[in-house]
Protein chains: 2
Amino acid sequence: MRDDYLVKPVLKAMQVLDCICSSDQALSLQHVSVEVALPKTTVFRYLRTLVQSGLLSYDPERDVYGVGLKIITWGRSNARLRNLRDVCIPHMRALRERFGETVNLGVLDGAEIVYIEIAESQHALRMQAKIGGRDPAYTTAIGKAVLSQMPEDERLRHIPPKLRARTGRTLRSLAQLALELDRARTQGFAEDNGENEEGSICVGVPIVDPAGAPIAGMSISAPAARLDAARKAQFASMLRRVAGEISAGLDAPRPKMMTPIRRQA
Amino acid sequence: MRDDYLVKPVLKAMQVLDCICSSDQALSLQHVSVEVALPKTTVFRYLRTLVQSGLLSYDPERDVYGVGLKIITWGRSNARLRNLRDVCIPHMRALRERFGETVNLGVLDGAEIVYIEIAESQHALRMQAKIGGRDPAYTTAIGKAVLSQMPEDERLRHIPPKLRARTGRTLRSLAQLALELDRARTQGFAEDNGENEEGSICVGVPIVDPAGAPIAGMSISAPAARLDAARKAQFASMLRRVAGEISAGLDAPRPKMMTPIRRQA
DNA sequence: ATCTGCTATTTCGCTTTGCGAAACCCTAGG
DNA sequence: CCTAGGGTTTCGCAAAGCGAAATAGCAGAT
């Protein structure tokens with residue numbers, strides 16, 4: 001969606017906002033200014049405006065700007081996702097009770113998947129993704145499950161031009177990935193054998209709308225030490241059943257949502 | 001923080017953003033335009049720009065705009081709050097295990113408290129606040145606990161001019177509230193006897209920084225039917241102990257953060 | 001205490017560019 | 001085929017966003 005209707009002050013202010021919200025600490029004017037490569041004065045104005053709007057908070061003692069509380073409120077308010085979450089949570093809890101491992105729910109955003117709900121394992125040793133956290137789609141079971149349900153052309157829009165290795169096992173070529181996705185489609189679930197995080201194995205399935213288009217993915221993740229082939233197969237079959245039930249129940253609302261492709265860094 | 005440095009396009013775009021993010025469904029251009037009382041053309045430009053920035057999503061089928069995934073990611077990324085959360089979560093879980101009731105963690109934002117973490121009771125009947133949800137400070141145990149630790153003048157900045165009754169029990173006058181807050185300060189914990197939600201009782205304590213300024217509050221909430229005076233006293237004493245431990249552990253970072261007062265609706 | 005270097009504010013005039021009324025399109029329903 | 005009700009595009013004006021540069025404020029060092 002290229003556009004001549006973009007309002008530049010807003011666009012730039014959103015860069016500033018992104019800069020601060022993506023940081024894990026509050027930032028100074030100076031810092032933000034160099035980070036987004038905009039003049040100090042301009043950034044200063046945006047920061048003030050964003051504080052006024054309640055999107056940023058300002059600590060006068062240290063002269064730094066942080067994420068405002070309004071954003072935390074907003075983060076939970078996306079109705080479609082909340083709906084999806086509400087439907088999935090009971091299933092996810094049941095899966096966690098049954099297998100004792102972490103269950104993840106994620107949606108695709110550009111070339112990344114965003115975790116929108118997590119039912120944590122109670123094991124001391126567990127893979128801990130965070131709600132709102134992101135991983136590349138092509139390195140995760142959820143991502144591959146979702147991609148596997150897409151037509152070729154759309155799929156490509158969600159895969160970055162070059163695949164960067166997260167671990168020694170990460171797939172490096174599009175050809176390999178295509179094979180893997182084909183396999184996932186035919187067998188109905190995708191795997192991640194330590195491709196995203198060393199030692200962490202995931203089994204993921206797609207959740208599809210009535211038209212068959214994928215809208216989310218659900219996975220169970222566990223340390224390699226606790227996950228042999230037999231158990232993995234169990235996970236896969238339970239996940240497939242659950243995802244089927246959820247998909248079947250998703251007829252009333254239209255859960256499709258277009259988000260522009262994320263530009264690569 | 002009144003300011004001559006406010007950039008109007010940004011300010012207005014943030015109204016638009018707020019309108020959509022505060023709604024529980026995706027909205028059309030028309031709808032947003034009348035809601036924020038800005039010309040159609042202007043809102044149109046802002047919406048496009050915000051979609052481009054990844055803050056909003058656009059559903060071309062229905063021509064409606066919704067919350068973008070980026071915001072969900074941001075919502076969890078406030079480092080200070082995450083830090084606070086990380087410290088509190090184990091304690092909250094322990095309290096839930098021990099008493100079987102819901103444990104809430106909230107911070108003050110203007111005249112409201114925002115729930116930033118919740119350990120849910122497993123009872124079928126439970127009071128369910130949501131992370132990111134808001135309630136007036138003066139009707140909740142957490143809010144009153146936080147207010148009780150403030151000097152008079154600062155306190156007033158976090159109490160709306162007129163107290164609206166949420167239930168039949170809600171305090172209606174500033175005098176009553178002041179008495180209640182005094183009592184809370186002397187006894188070290190605050191109560192909410194169905195003042196926020198009919199039939200729901202809470203006991204809340206403040207979490208303070210090394211200087212004694214309140215930065216958050218923690219509460220246990222339960223249906224009135226499960227909460228007699230003896231149990232309430234138990235809750236209060238455990239909460240006080242836990243809050244004390246947490247407050248003591250909060251010396252290293254500076255958890256104070258100014259957020260502008262929220263204007264009343 | 002004074003100086004020094006850094007960063008946050010403020011000023012100021014230019015002209016960029018945001019603005020919104022109105023015209024235009026386009027889909028859905030009659 | 002026509003009409004209604006959105007969304008999109010055009011266009012010219014002047015509001016107001018812009019950023020260089022000057023100023024103020026605040027450390028830590030001498």
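Chain A is the first sequence line, chain B the second, and so forth, proteins listed ahead of strands; every chain is numbered from 1.
Within the 3.5 Å criterion, the main-chain N or O of B:G133 finds no donor-acceptor partner in the side chain of A:T73.
Rounded to a whole Å, the CZ atom of B:R48 is 6 Å from the P atom of D:dT9. Following rounding to the nearest Å, B:Y5 (OH) and C:dT9 (P) show an atom-to-atom distance of 9 Å. In this structure, A:Y65 atom OH and C:dT7 atom P are separated by 15 Å, rounded to whole Å. As rounded to whole Å, 17 Å separates atom P of D:dT8 from atom OH of B:Y46. One atom, CZ of B:F44, and another, P of C:dG18, lie 15 Å apart when rounded to the nearest Å. B:L38 places its CG atom 11 Å from the P atom of C:dA21, with the value rounded to the nearest Å. If you take NZ of B:K12 and C1' of D:dA16, they are 10 Å apart, rounded to a whole angstrom. Here the P atom of nucleotide D:dG6 and the CG atom of B:D59 are 18 Å apart, to the nearest Å.
Taking 4.0 Å as the cut-off between side-chain N and carboxylate O, A:R166 and A:D135 count as a salt-bridged pair.
Both A:T41 and A:P9 sit near DNA chain C, but only A:T41 has its closest nucleotide nearer the 5' end. Comparing A:H31 and B:P39 by the nucleotide of DNA chain C that holds the closest heavy atom to each, the one mapping nearer the 5' end is A:H31.
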Please evaluate residues B:D63 and B:S28 with respect to the criterion side-chain hydrogen bond (donor to acceptor under 3.5 Å, both in side chains), reporting the C-alpha separation (whole Å), side-chain torsions for both, the decisive distance (0.1 Å), and the verdict.
CA-CA 6 Å; B:D63 252 315; B:S28 68; over 6 Å; no
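Contact of A:K40 with D:dG19 (side chain to base): no donor-acceptor pair of N or O atoms is detected under 3.5 Å.
In this structure, of D:dG7, D:dC18, C:dA8, it is C:dA8 that holds the atom nearest to the side chain of A:D63. Side-chain proximity of B:R45 to C:dT17, C:dC19, D:dG17: nearest is C:dC19.
Exactly one of B:L38, B:V43, B:L17 qualifies for a side chain to side chain contact (heavy atoms under 4.5 Å, CB included) with B:V32. That residue is B:V43.
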